[in-house]
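Worksheet: one structure, shown below.
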Amino acid sequence: MRQFYLVVAFLMFFCGTIFSQEPQPELYPNPQKIKDSSWKIQRPRHELQFGIGDHVMYMNEVYDNYYYYYHERDVNWFDSDVYTKTRMYTPAFSATYHYRLLKWLSIGGFFSYAGAFATKENIITEENISCKDHFIAIAPSIRFTYLNRKYVTLYSGLAVSMTWQFSVDDAGMKPWTYVRGQLTGIGVSVGQKWFGFTELGYGNKGIVTAGFGYRFNSK
C-alpha cells in the first residue's frame with residue numbers, strides 16, 4: 001500500500017514540474033499586465049479535498065503501549081506480535097475544506113478517520129480477544145500557497161487537531177483524547193475546478209496523502 005502512495009506522489013510531482021514552467025508568450029500574452037486580483041477568477045476561493053493517507057502516526061500507539069493485560073506484562077514478552085494473531089490498519093481517510101483569503105493564504109479545516117483492528121490471544125486462557133480502535137480527528141488548518149499556475153498549485157500547511165480514540169474490546173469501550181495535528185511540508189494539485197493532489201507531511205492525514213478535489217466560487 002505504501003508503495004502505491006509513493007508512486008502516486010512521484011507522478012503528481014512530475015506533472016507539477018512540467019506544468020509549472022513559465023507560460024508561453026503566445027498562450028499568455030503580456031502576463032505582467034494581468035492584475036493581481038485575477039487570481040480570484042483563475043483560482044476559485046472555495047476548495048474541497050478528499051484524500052487517503054498512510055497513517056503511520058497511529059501505528060505506534062495501538063497495541064504496543066497500553067493494550068497488554070496484566071498477565072501479558074508479567075510474562076515480559078518483548079514482541080507484541082507474539083500474542084497478536086491478526087492486525088489490520090485502515091488508511092487515514094480525510095475531507096478538507098479551505099477558503100482562500102489572499103492569493104497566498106487560505107484557512108479552513110479537515111476531518112479524518114483511521115481504524116486499527118486486531119485479534120489477540122490470552123496466553124493464559126488461550127481465548128481470542130477482539131480489539132478495535134477508531135481514530136477521529138477534527139482540526140482547523142492554515143495553508144500557504146507559493147506557486148499559482150493555470151493548472152498547478154504548490155503549497156504547504158499546518159493544522160492542530162483534537163483526536164478522539166475509541167478503544168473497543170470484549171470488556172467494553174475506552175475513550176481517549178489527544179492533541180495532534182498535521183504538518184504538510186509540500187503539496188501539489190494539478191487541475192482547475194476538478195483536480196488531483198498529493199501531499200508529503202506528517203500527522204492525522206498521513207505521511208503521503210493523495211486524492212482529488214473541487215474548487216468553486218459562491219454566488
Side-chain angles (χ1 to χ4, degrees), residues 1-13 16 47-67 80-81 84 86-99 106-120 130-144 153-169 173-191 194-215:
M1 179 66 72
R2 190 173 302 173
Q3 289 83 352
F4 170 77
Y5 292 136
L6 293 176
V7 170
V8 173
F10 173 79
L11 292 175
M12 294 292 291
F13 280 110
E47 180 177 299
L48 292 172
Q49 289 180 321
F50 302 94
I52 300 178
D54 185 6
H55 69 141
V56 177
M57 183 180 76
Y58 299 127
M59 294 184 182
N60 294 328
E61 298 180 359
V62 182
Y63 309 121
D64 293 329
N65 296 328
Y66 66 89
Y67 237 133
S80 61
D81 285 331
T84 299
T86 60
R87 184 184 300 186
M88 182 186 74
Y89 299 93
T90 72
F93 300 97
S94 61
T96 304
Y97 167 79
H98 278 105
Y99 176 78
S106 300
I107 60 172
F110 70 81
F111 168 87
S112 70
Y113 168 82
F117 307 89
T119 300
K120 299 182 66 177
S130 176
C131 306
K132 302 176 183 178
D133 278 81
H134 304 280
F135 297 88
I136 297 175
I138 299 177
S141 62
I142 186 170
R143 175 185 293 176
F144 305 97
T153 301
L154 296 180
Y155 58 89
S156 296
L158 179 66
V160 177
S161 70
M162 290 298 298
T163 302
W164 292 272
Q165 176 181 350
F166 300 95
S167 302
V168 183
D169 60 17
M173 183 185 72
K174 296 180 181 179
W176 310 77
T177 304
Y178 307 97
V179 177
R180 292 292 186 266
Q182 179 73 29
L183 173 64
T184 302
I186 184 170
V188 55
S189 66
V190 179
W194 288 98
F195 61 92
F197 75 93
T198 187
E199 298 175 352
L200 299 178
Y202 184 80
N204 294 98
K205 295 169 67 175
I207 290 181
V208 180
T209 305
F212 68 95
Y214 180 72
R215 299 185 182 101

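If you're wondering where the values come from, they're calculated on a predicted model, not measured in any experiment.
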- Output for pair (Phe93 CZ, Ser112 OG), nearest 0.5 Å, gives 11.0 Å
- Distance, nearest 0.5 Å, that separates CZ of Arg215 from OG of Ser189: 4.0 Å
- Measure the spacing between CD1 of Ile142 and OH of Tyr155 and express it to the nearest 0.5 Å. 14.5 Å
- Message: Between Gln49 and Phe110, is there a side-chain heavy-atom distance shorter than 4.5 Å?
- Response: no
- Note on the structure: Heavy atoms of Thr177 and Trp164 approach each other most closely as OG1-CD1, 3.6 Å
- Spatial distance of atom OG1 (Thr96) from atom CZ (Phe197) [nearest 0.5 Å]: 6.5 Å
- Message: Tell me whether Ser156 contacts the main-chain N or O of Gly185 through its side chain, where contact means a donor paired with an acceptor under 3.5 Å.
- Response: yes
- Item | Donor-acceptor pair, side chain of Asp133 and main chain of Gly115, under 3.5 angstrom | no
- Query: What residues form a ring pair (Phe, Tyr, Trp, His ring centres under 6.0 Å) with Phe144, not counting sequence neighbours?
  - Reply: none
- Task: Before giving the answer on side-chain contact (heavy atoms from CB on, under 4.5 Å), spell out for Tyr202 and Ile207 the whole-Å C-alpha distance, their side-chain angles and the decisive distance to 0.1 Å.
- Result: CA-CA 5 Å; Tyr202 184 80; Ile207 290 181; 3.8 Å; yes
- Query: Between Thr198 and Thr209, is there a donor-acceptor pair closer than 3.5 Å when you use the side chain of the first and the backbone of the second?
  - Reply: yes
- Note on the structure: Smallest heavy-atom separation, Ala139 atom then Ala159 atom, equals CB-CB, 4.2 Å
- Query: Quick one: are Met162 and Val179 in side-chain contact, heavy atoms under 4.5 Å?
  - Reply: yes
- To the nearest 0.5 Å, what is the distance between OH (Tyr113) and CD1 (Ile136)? 7.5 Å
- Residues in side chain to side chain donor-acceptor pair (under 3.5 Å) with Thr153, at least two apart? Arg43
- Message: What's the separation between atom CG in Leu183 and atom CG in Leu200, rounded to the nearest 0.5 Å?
- Response: 11.0 Å
- Message: Measuring only between side-chain heavy atoms, which start at C-beta, is His134 closer than 4.5 Å to Phe117?
- Response: yes
- Sorted by chain and residue number, the ring pair (Phe, Tyr, Trp, His ring centres under 6.0 Å) partners of Phe111 (sequence neighbours excluded) come out as none
- Among all residues two or more places apart in sequence or in another chain, which pass the ring pair (Phe, Tyr, Trp, His ring centres under 6.0 Å) test with Phe166? none
- Query: Should Arg180 and Gln165 count as side-chain neighbours, where that means a heavy-atom distance under 4.5 Å?
  - Reply: no
- Please check if the side chain of Gln182 supplies one atom and the backbone of Lys205 the other of a donor-acceptor pair under 3.5 Å. yes
- Message: Which residues pass the side chain to side chain donor-acceptor pair (under 3.5 Å) test with Ser141, not counting sequence neighbours?
- Response: His98
- Name all residues meeting the side chain to side chain donor-acceptor pair (under 3.5 Å) criterion together with Tyr97; count only those two or more places apart in sequence or in a different chain, and write none if there are none. His46
